[in-house]
Amino acid sequence: QVQLVESGGGLVQAGGSLRLSCAASGIIFSAYTMGWYRRAPGKQRELVATISSGGSTHYADSVKGRFAISGDNAKKTVYLQLNSLKPEDTAVYYCNAFHRGNAYDSNYWGQGTQVTVSS
């Protein structure tokens with residue numbers, strides 16, 4: 001059974017920081033591109049950041065320079081460090097594990113963790 005369990009969300013004031021964690025089980029962690037997505041109230045889900053098994057990262061323009069994604073293969077955990085938080089960062093943040101295979105793709109999601117940024 002594949003599980004992605006997010007934690008670390010909460011309420012924080014603008015300018016503050018938060019670190020989200022996503023613990024993965026049931027997958028070969030190093031074979032996946034891990035990512036964080038978010039869905040803000042009334043908006044569609046958007047990509048926040050991804051990290052490949054080789055450590056290559058991508059960030060949405062809206063968070064670049066403020067957020068940092070990292071992974072720990074031993075712990076099978078991906079992190080998202082959120083700094084200089086803004087009210088518009090308020091969203092449910094979802095962990096994603098993706099692998100493009102020859103025969104099939106694998107795409108898994110966590111349940112989400114709420115991040116609320118007050119002004």
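For clarity, every value in this text was computed on a predicted model and none was experimentally measured.
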Determine the minimum heavy-atom distance between S119 and A14, stating which atoms define it. CA-CB, 4.3 Å
Flag side-chain contact, heavy atom, 4.5 Å: S106 against Y32: yes
Will you find, in the side chains of Y37 and R45, an N or O donor that is under 3.5 Å from an N or O acceptor? no
What's the spacing between L80 CG and T113 OG1 if we round to 0.5 Å? 11.0 Å
Got a sec: does the CD1 of I28 have more than 12 other heavy atoms crowding it under 6.0 Å? no
What heavy-atom pair brings V78 and W36 nearest, and what distance separates the two atoms? O-CZ2, 3.8 Å
Inter-residue atom distance S52.OG - F98.CZ, 0.5 Å rounding: 13.0 Å
Give the cluster check for V12 versus V48: same hydrophobic cluster or not, with ILVMFWY residues linked at side-chain heavy-atom distances below 4.5 Å. yes
Is the closest side-chain donor-acceptor distance between S17 and N83 under 3.5 Å? yes
Quick check on the hydrophobic clustering: are Y79 and V115 connected, directly or via other members, by side-chain heavy-atom contacts under 4.5 Å? no
Whether K76 side chain and I27 backbone form a donor-acceptor pair below 3.5 Å: yes
Would you say E88 and T90 are linked by a side-chain donor-acceptor pair, where the criterion is simply a distance under 3.5 Å? no
Note: A97 and M34 closest approach over all heavy atoms is CB-SD, 3.6 Å
Any side-chain to backbone donor/acceptor pair from H99 onto A31? Under 3.5 Å, distance only. yes
Side chains of S70 and Q81: closer than 4.5 Å at any heavy-atom pair? no
Can you check whether R66 reaches K86 side chain to side chain, under 4.5 Å on heavy atoms? yes
Search all heavy atoms of L4 against all heavy atoms of A24 and return the closest pair with its distance. CD2-CB, 3.5 Å
Can you classify the ring geometry of F67 versus Y93 as parallel (below 30°), tilted (30 to 60°) or perpendicular (above 60°)? tilted
Nearest heavy-atom neighbours spanning S21 and T77: CB-CG2, 4.3 Å
Interatomic distance, C22 atom SG to E6 atom CD [nearest 0.5 angstrom]: 5.5 Å
Answer yes if I51 and F29 sit in the same cluster of Ile, Leu, Val, Met, Phe, Trp and Tyr residues linked by side chain heavy atoms under 4.5 Å apart, and no otherwise. yes
Report yes or no: do L20 and Y59 belong to one cluster of Ile/Leu/Val/Met/Phe/Trp/Tyr joined by side chain heavy-atom distances under 4.5 Å? yes
Would a 4.5 Å heavy-atom cut-off, applied to side chains only, mark L47 and R38 as touching? no
Does the N96 side chain pair with the main chain of Y108, one donor and one acceptor, at a distance under 3.5 Å? yes
Might you confirm whether atom CD of E46 has over 12 heavy atoms from other residues, nucleotides or ligands at distances under 6.0 Å? yes
